[in-house]
**Q** 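Below you will find the structure I want to go over with you.
What you see below is based on every heavy atom in this structure, not just the backbone, and it leaves out hydrogens, waters and symmetry mates. Both ligands and their constituent atoms are indexed starting at 1 by order of listing. Values in this document were obtained by computation on a predicted structure and should not be read as measured data.
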Amino acid sequence: MAVAELSTSCTKTHSSQLSLSSSSSSRFSHHFRRSFRPLPTTRNPTISCSVASDQVQTPIPVQAQDLKGKSECYGVFCLTYDLQAEEETKSWKKLINIAVSGAAGMISNHLLFKIASGEVFGPNQPVALKLLGSERSIQALEGVAMELEDSLFPLLREVSIGINPYEVFQDAEWALLIGAKPRGPGMERADLLDINGQIFAEQGKALNASASPNVKVIVVGNPCNTNALICMKNAPKIPAKNFHALTRLDENRAKCQLALKAGVFYDQVSNMTIWGNHSTTQVPDFLNARIKGLPVKEVIKDHKWLEEEFTEKVQKRGGVLIKKWGRSSAASTAVSIVDAIRSLITPTPEGDWFSSGVYTNGNPYGIAEDIVFSMPCRSKGDGDYELVKDVIFDDYLLKRIKKSEAELLAEKRCVAHLTGEGIGFCDLPEDTMLPGEM
Ligand SMILES: NC(=O)c1ccc[n+]([C@@H]2O[C@H](COP(=O)([O-])OP(=O)(O)OC[C@H]3O[C@@H](n4cnc5c(N)ncnc54)[C@H](O)[C@@H]3O)[C@@H](O)[C@H]2O)c1
C-alpha cells in the first residue's frame, strides 16, 4: 500500500500533537533533531497515517557522535503521523515496539526488512523498530536506518537507533537479542560464555528497567541458551516464561533433512523437536517427529542413518554452510526468527508443535530445573506457550538429552557470576561447537 493511500484513510492530522521534541519552539526548525529525546510513551501512536506533513522540514540524519548513550529517532521516522486515540481506525492495530540488538549485523539485515514489511506481525500491524548497536557499529546502524527509510514501508511508523540498551529497550514489547561477539580464533567456549554473558546480563537489566513488563524476549546471540538464562536472571520483573533461546533454525534444518531422506516436500514433516542446547550436543528428535502424519521410523526404514548421519547433519549444518559460502547463515536464521515469532502469535496447528529454548522449571520430562533447554511447545497464539506432554522417549533419546543437559548445567556453573549465584567455575564437559562452527 502506498503512503498516499494510507493518508486518505486518516481523517485528520493533529499538528498540536507534534510533541516529539522537548523544545517545541525548535520543533520545525532545521536543527530540531538536536533536542530529541527517546520516543515518549505519551505519543499514543495508535493510528497510522502518512508520515508527511507540509510543516515539516527534512530532519538532519543522526550522526554517530550524537548517539552515545542515547536512542534517537532516525531521519524520516522523526516526522509525525499521529492521530488522536479516539480516531483509531478499525483496520489498523495499536503500534507495537520491537527492539532488535545487533541491528547492524548480518541476520538483522534480513530480519528487519521482514518485520517492516508486515510479513512477521501481519499486514495490519504497524511497528516501531528500536535498533541497538555496539559502539563499533554506529555508522553501520545509521546505514541500516537509511535503507529502512528508502524502503517506504507503510507499516513502519518509527525507527530509533542507539547504543544504550536502557534507552533503546524503552517500552519494548518484543526484544530480539541478536547482537553478540563471535568466537575468535583460539577462543574457548568458556571465554565466549563470559564475554557474551556480560552483554546479556546488562541487556537483561536494561529490559527489566525499561521494557514492557510482559516483553517477549528471543535470544539469538550465542551461546544462546545460556545467554537467555543470564538475561532472564537479570530481569526478575519479567516472567521467566517470556525468555526464549532460538533453536528454530535447527528445527527447520532437521525437517529439511528428513524430507530429503524420505523423498517428500518439507511441509509433510511435523512434530519436530530439537531438545537441549543450541550446540553440537543438540538432539533432533526423530522418535516423535512425523512424516505425512506417520512416525518417522515407519517412513524412513534406514534407522542407522537416523541415528548416525541425520543427527550429525543437523548438528553440523551451519559449519558446512560456512565452509561453502565463507560466512554464517544469516538469511535462514532470520527466517527462523520469523517462524519463532509467528509460532507464538498464531495458534499452533492441531496436533503439531514447535521447538524453542525455554526455562525448564516445572517441565514434565524430568529435565534439570533452572536452565534454558529446547523443548516442544504449543501456543494459543497469545504470545505464550505450553510444553507438550504427549511425547515418548527411548534410551537413545534420553542418553542424548542427558548429554546436552550436562553441557547446559556446566555452562550455568560457568556463568554463576553473571546470574547472581556465586563465583563462576568452568568445568565444561568438552569444548563443543556452536552449530555455525566446524
Ligand atoms: N541461535 C541461532 O540459531 C543462531 C544462528 C545463527 C547465528 N547466531 C548467532 O547470532 C549472533 C549474530 O550473528 P550475525 O551473523 O548477525 O553476526 P554479525 O557479526 O554480522 O552481527 C552482530 C552485530 O552485533 C553487534 N554487537 C556486538 N555486541 C553488541 C552489543 N553488546 N549490543 C548490540 N550489538 C552488539 C555487532 O557490532 C554486529 O553488528 C552470533 O552470536 C551468532 O553466533 C545464532
**Q** Based purely on interatomic distance, does S134 place a nitrogen or oxygen under 3.5 Å from a nitrogen or oxygen of ligand 1?
**A**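 Looking only at distances, the answer is yes, because the N/O contact criterion of under 3.5 Å is met.
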**Q** In ligand 1, which numbered atoms sit nearer than 4.0 Å to a non-hydrogen atom of I199?
**A** 28 (N), 31 (N)
**Q** What about S329: any of its N or O atoms under 3.5 Å from an N or O on ligand 1?
**A** no
**Q** Please could you name the atoms of ligand 1 that G221 approaches to less than 4.0 Å, counting only its heavy atoms?
**A** 10 (O), 11 (C), 41 (O)
**Q** Relative to the heavy atoms of S137, which atoms of ligand 1 are at a distance of less than 4.0 Å?
**A**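 The atoms of ligand 1 under 4.0 Å from a heavy atom of S137 are 37 (O), 39 (O).
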**Q** Got a salt bridge between D267 and K255, using NZ or NE/NH1/NH2 to carboxylate O under 4.0 Å?
**A**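 The answer is no: the pair does not qualify as a salt bridge.
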**Q** Determine the sole option in V217, L111, V220 for which the side-chain contact (heavy atoms from CB on, under 4.5 Å) test with L176 is passed.
**A**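 Exactly one option meets the side-chain contact (heavy atoms from CB on, under 4.5 Å) with L176, and it is L111.
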**Q** Taking only heavy atoms of C224 into account, list the atoms of ligand 1 that are under 4.0 Å away from them.
**A** 1 (N)
**Q** Suppose the criterion is salt bridge (charged side-chain N to carboxylate O under 4.0 Å, His left out): which pairs have a residue in residues 365-374, not counting sequence neighbours?
**A** K233-D370, D370-K412
**Q** Inspect the contact between K313 and E309 and indicate whether a charged nitrogen and a carboxylate oxygen are less than 4.0 angstrom apart.
**A** no
**Q** With only distance considered, is V219 within less than 3.5 Å of ligand 1 through an N or O on each side?
**A**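 Not met; the criterion fails.
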**Q** Sequence neighbours excluded, which residues qualify as side-chain hydrogen bond (donor to acceptor under 3.5 Å, both in side chains) partners of N277?
**A** E407, E411
**Q** Taking the non-hydrogen atoms of H278, is any one of them nearer than 4.0 angstrom to ligand 1?
**A** yes
**Q** Which ligand 1 atoms, with their elements, are less than 4.0 angstrom from a heavy-atom of I178?
**A**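 The atoms of ligand 1 under 4.0 Å from a heavy atom of I178 are 10 (O), 11 (C), 12 (C).
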**Q** Taking N234 for the side chain and I230 for the main chain, is one N or O donor matched with an acceptor at less than 3.5 Å?
**A** yes
**Q** Check ligand 1 against G102 and write out every atom of the ligand that is under 4.0 Å from a heavy-atom position of the residue.
**A** 23 (C), 24 (O), 25 (C), 33 (C), 34 (N)
**Q** If you measure from the Lys or Arg side-chain nitrogens to the Asp or Glu carboxylate oxygens, is any gap between E202 and K205 under 4.0 Å?
**A**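 Between K205 and E202 there is no salt bridge, as every charged N stays at least 4.0 Å from the carboxylate O atoms.
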**Q** With under 30° as parallel and over 60° as perpendicular, where do the rings of Y396 and F286 fit, or are they tilted in between?
**A** tilted
**Q** How does Q203 reach ligand 1, if at all, at less than 4.0 Å between non-hydrogen atoms: by side chain, backbone, both, or neither?
**A** side chain
